[in-house]
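Basis for what follows: all heavy atoms, side chains included, without hydrogens, waters or symmetry-related copies.
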Amino acid sequence: MTLTAVAVTSLASCSDDDDNNTPNGPYVPQACLEKFAQQYPDAKNVKWEIKAPYFVAEFHSNNNLEETESWYKADGTWAMSETDYGADLFMIPTAVNLAFNQTEYAQWPIDDIKYYQYPAGNSDFYLIEVKDTDPKPDMQLYFKPDGTLIKTTPDSGADITPDTVI
């Protein structure tokens, strides 16, 4: 009985919960927390996770109409943000909406619309994912913020990270 109590106490003291500096989440470097607070002072429902080597803050903005993930390096350097607009074409710039409606996929149901922003600003893009009801593959359409179509590809299912080349 005493041995069991010692073992349980020893295991509990090995927990790294006290190293956690975000509620119900992983330890996040202070530099990341500060940069995030500077970029998104009005963020709500912030949850942090680690997608090595990045620290990712997931939060809601614009009255919960948008869900955003903002990616940071351990030194606090902002690497990328991904904003999810669901399937609402009215949430994106008119130029992108009009350009999408000129594609061969304009009649396909929209599965998801995301906006990817990068520190340099010149590689930002919108990704519109569409799906068809027959056996055709789901498609991804990449647009610059000015509405220029960058490329169209079958949906690979791969996540886009700061290291993804578009």
Tyr126 and Tyr85 aromatic ring geometry - parallel, tilted or perpendicular at 30°/60° bounds: parallel
Evaluation steps, side-chain contact (heavy atoms from CB on, under 4.5 Å), between His60 and Glu66: CA-CA 6 Å; His60 296 273; Glu66 301 168 359; over 6 Å; no
Closest approach of Ala31 to Ala74 (non-hydrogen atoms, all atoms of both residues): CB-O, 4.3 Å
Separation between OG1 of Thr68 and CD of Gln117, rounded to the nearest 0.5 Å: 8.0 Å
Same cluster (ILVMFWY, side-chain, under 4.5 Å), Val56 and Leu33: no
Leu89 vs Asn101, side-chain contact (heavy atoms from CB on, under 4.5 Å): CA-CA, chis, key distance, verdict: CA-CA 10 Å; Leu89 278 172; Asn101 281 304; 4.3 Å; yes
Interatomic spacing from OG in Ser81 to OH in Tyr40 - rounded to 0.5 Å: 2.5 Å
Interatomic spacing from CD1 in Ile113 to CE in Met91 - rounded to 0.5 Å: 9.5 Å
Gap separating the NZ atom of Lys136 from the CH2 atom of Trp108, nearest 0.5 angstrom: 5.5 Å
Test salt bridge (Lys or Arg N to Asp or Glu O under 4.0 Å) applied to Lys114 - qualifying residues, sequence neighbours left out: Glu82, Asp112
Flag, side chain of Asn97 to backbone of Pro93, donor-acceptor distance under 3.5 Å: no
Reported CZ-to-CG distance for the pair Phe143 and Leu127, which is rounded to 0.5 angstrom: 9.5 Å
Rounded distance [0.5 Å steps], CG in Asp155 versus CE in Met139: 9.0 Å
Side chain proximity check, Ser70 to Gln39, heavy atoms < 4.5 angstrom: yes
Cluster check Leu149, Ile92: I/L/V/M/F/W/Y, side chain < 4.5 angstrom: yes
Stepwise side-chain contact (heavy atoms from CB on, under 4.5 Å) check, Asp88 with Ile110: CA-CA 8 Å; Asp88 192 347; Ile110 295 174; over 6 Å; no
Ring geometry between Phe125 and Tyr142 (parallel below 30°, tilted from 30 to 60°, perpendicular above 60°): tilted
Heavy-atom side-chain contact between Glu49 and Glu69 under 4.5 Å: yes
Donor-acceptor contact below 3.5 Å, side chain Asp124 vs main chain Tyr118: yes
Contact check, side chains of Phe59 and Trp48, non-hydrogen atoms, under 4.5 Å: no
Heavy-atom check, side chain of Tyr105 versus side chain of Val130, under 4.5 Å: yes
Partners passing salt bridge (Lys or Arg N to Asp or Glu O under 4.0 Å) against Asp111 (at least two apart in sequence or in another chain): Lys131
Side-chain heavy atoms of Tyr116 within contact of Met80, under 4.5 Å: yes
Ring pair (Phe, Tyr, Trp, His ring centres under 6.0 Å) assessment of Trp78 paired with Phe36: CA-CA 8 Å; Trp78 173 59; Phe36 174 78; over 10 Å; no
